[in-house]
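To keep things clear, I will list the structure first and then write my remarks on it.
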Amino acid sequence: MSDLPRKAVTRTVKLAALPLGIAGRATWGLGKRIGGKSAEIVARELQQRTAEQLFRTLGELKGGAMKFGQALSVFESALPEEVAGPYRAALTKLQEAAPPLPAATVHQVLTDRLGADWRDMFEEFEDKPAAAASIGQVHRAVWHDGRQVAVKVQYPGAGEALLSDLKQLGRFAGLLGPLIPGMEIKPLIKELRDRVAEELDYELEAEAQRTHADAFVDDPDVFVPEVVHQGDQVLVTEWMEGTPLSEVIADGSQEERDRAGQLLSRFLFSGPARTGLLHADPHPGNFRLIPGADGRMRLGVLDFGTVDRLPGGWPKSIGRSLRMTLDGDAEGVYGHLCAEGFVKESIELDPDAVLDYLKPIIEPAEAEEFTFTRPWLRGQAARIADPRSPAHQLGRQINLPPSYLLIHRVTLSTIGVLCQLGATVRLRDELDAWLPGFASAE
């Protein structure tokens, strides 16, 4: 498939086939169990087959389907290891690649958006895309002044495809829930839909990227490419070489993994303090490890199409809650959660039970350094997802205020990537430096 399907009926048919396929495999699984295979083995086979169909379809469709797949991709660490392999292979493809648009379509978009003489802007332009994502693809080129640049071209009909896909996916979100234990699919899809207009607006993206590039200029740890030119549905930025984080996850040395994890944590917590913005699309395809001037690796950051606006930096309430939890102040943290709207007035919980629920989750902030692993994340996911678990029962009674939704997803996604890396990180150092209210609960 080489073009973004534009007719809603075409995309709907493909997406509608997903729940039908899931139902068909459930029937197949019942037959297997009747034939003597254990329920556990059959469940694993069903999960693998479902993952293969799901992410193949999402990758082919690009648009909101692929955006949803990328959002899920950082949570593969929460899956049981025996079924994570097929997921990992399918999800990695979504992070870095998608079927490209034909060159003729790209040329037409550039003509429509930059003018008939668009080639005069470039010394060279490579028709074969260097990368592809959910709403656009990137071409390598040489700007007219000799700079190596990346040209991001939005797919024709991307907005229509995004909204159509996410609406359709929302209809059978319940069937997809078991794919990622402990992950609420419906709120994720709703939040993605709410961000569609911003992500399609390359002017907003250019503004967010310029803000980050200015804040991190000459930074020894983080590099953000400068914006060279911005037009409607076309964005030209500096080209950035480097090793994609997906390759570090697959084949990187432990030193590279630890460095990437530390810098990713630093960028997560320092970004809002330095820019008033939170980069809200932390899947591995948006990060690179690049050589620094001092010989140490830097973190290169891409794609500022989705950001959360935090003009005062991280909310102080997060740091205060985290500090009180670490200090074992059950009454204090419970009162704070109630005041911030995490516990509704109609609900009364045991403060000690709330503390017991939170303590395992914030373990990485307690140690001087913490090794993020897939088994650790799987344990957290299983604890919260198991209906028999007290953590599951309590978690269902905790409310997530709308203003915290994106912060919550970005934080969880980053933890997922850290677990994919298997990185040992001094997270507490970053919290002390950048999270208001953490160093002191006052």
Side-chain angles (χ1 to χ4, degrees), residues 66-67 69-77 88 91-98 130-134 136-138 140 150 152 199 205 208-209 211-213 215-217 219-227 235 237-272 274-275 277-292 296-308 372 406 409-425 427 430 434:
M66 186 176 176
K67 174 59 64 179
Q70 288 176 332
L72 285 184
S73 72
V74 296
F75 295 104
E76 62 87 3
S77 299
R88 203 168 295 145
L91 292 167
T92 299
K93 292 177 184 177
L94 284 178
Q95 291 165 0
E96 289 287 349
S134 54
Q137 63 190 37
V138 177
R140 188 167 187 171
K152 187 174 181 180
E199 186 156 3
E205 179 172 350
Q209 185 158 341
T211 299
H212 278 84
F216 286 95
V217 66
D219 189 275
D221 298 320
V222 175
F223 173 74
V224 177
E226 290 185 4
V227 175
L235 181 61
T237 63
E238 288 182 310
W239 181 263
M240 182 175 66
E241 295 284 0
T243 305
L245 222 57
S246 56
E247 292 184 16
V248 178
I249 289 170
D251 301 310
S253 67
Q254 191 59 51
E255 182 181 3
E256 290 173 326
R257 294 167 182 272
D258 292 346
R259 180 66 173 165
Q262 191 70 47
L263 296 184
L264 187 61
S265 303
R266 186 164 302 160
F267 178 69
L268 170 69
F269 288 106
S270 70
R274 299 172 70 170
T275 69
L277 300 170
L278 174 66
H279 184 289
D281 197 5
H283 73 79
N286 285 339
F287 300 98
R288 304 282 187 271
L289 272 188
I290 59 176
R296 301 189 73 193
M297 302 302 286
R298 300 168 77 192
L299 184 73
V301 186
L302 300 168
D303 199 340
F304 293 84
T306 306
V307 297
D308 198 8
F372 290 86
L406 195 53
R409 180 169 74 82
V410 171
T411 304
L412 286 181
S413 298
T414 303
I415 290 172
V417 176
L418 293 174
C419 290
Q420 289 178 333
L421 285 164
T424 298
V425 175
L427 186 65
E430 308 303 335
W434 301 107

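Distance check: Glu256 CD to Ile249 CD1 gives 12.5 Å after rounding to the nearest 0.5 Å. Separating the CD1 atom in Ile290 from the OG1 atom in Thr243 is a distance of 10.0 Å, to the nearest 0.5 Å. Annotation: the span from Phe269 atom CZ to Thr414 atom OG1 amounts to 8.0 Å, rounded to 0.5 Å. Separation of atoms CG (Leu421) and CG (Leu245) is listed at 5.0 Å; rounding is to 0.5 Å. Here OG1 of Thr411 is found 7.0 Å from CG of Leu278. Values are rounded to the nearest 0.5 Å.
Of all non-hydrogen atoms in Pro284 and Ser246, the two that sit nearest each other are CB-N, 3.9 Å. The two residues Arg298 and Val222 make their nearest non-hydrogen contact at NH2-O, 3.3 Å. Taking both residues in full, the closest heavy atoms of Val410 and Pro282 are given as O-CG, 3.9 Å, listed atom of the first, atom of the second, then distance. Taking all atoms of both residues into account, the shortest heavy-atom contact from Val227 to Leu235 is CG1-CD1, 4.0 Å.
Judged by distance alone, with hydrogens and angles left aside, the side-chain atoms of Glu238 form a donor-acceptor pair with the main-chain N or O of Glu226 at under 3.5 Å.
Scored by the salt bridge (Lys or Arg N to Asp or Glu O under 4.0 Å) test, Asp308 finds Arg195 as partners (sequence neighbours excluded). Under the rule for a salt bridge (Lys or Arg N to Asp or Glu O under 4.0 Å), the partners of Arg140 that lie at least two apart in sequence or sit in another chain are Glu241. For Glu255, there are no salt bridge (Lys or Arg N to Asp or Glu O under 4.0 Å) partners two or more places apart in sequence or in a different chain. Evaluation of the ring pair (Phe, Tyr, Trp, His ring centres under 6.0 Å) rule for Phe304 yields His212, His279 as partners, not counting sequence neighbours. In this structure Asp221 satisfies the salt bridge (Lys or Arg N to Asp or Glu O under 4.0 Å) test together with Arg259, Arg266, sequence neighbours excluded. With sequence neighbours left out, the ring pair (Phe, Tyr, Trp, His ring centres under 6.0 Å) criterion links Phe223 to no other residue.
The residues Lys152 and Asp303 are annotated as salt-bridged, a charged nitrogen and a carboxylate oxygen being separated by less than 4.0 angstrom.
Side-chain contact between Phe216 and Thr275 is present, with at least one heavy-atom pair separated by less than 4.5 Å. Using a 4.5 Å heavy-atom threshold, the side chains of Ser413 and His283 count as separate. In this structure, the side chains of Arg257 and Val248 come closer than 4.5 Å at one or more pairs of heavy atoms. Residues Pro225 and Leu302 meet the side-chain proximity criterion, which asks for heavy atoms closer than 4.5 Å.
Between the side chains of Gln254 and Asp258, a donor-acceptor pair is found at a separation under 3.5 Å.
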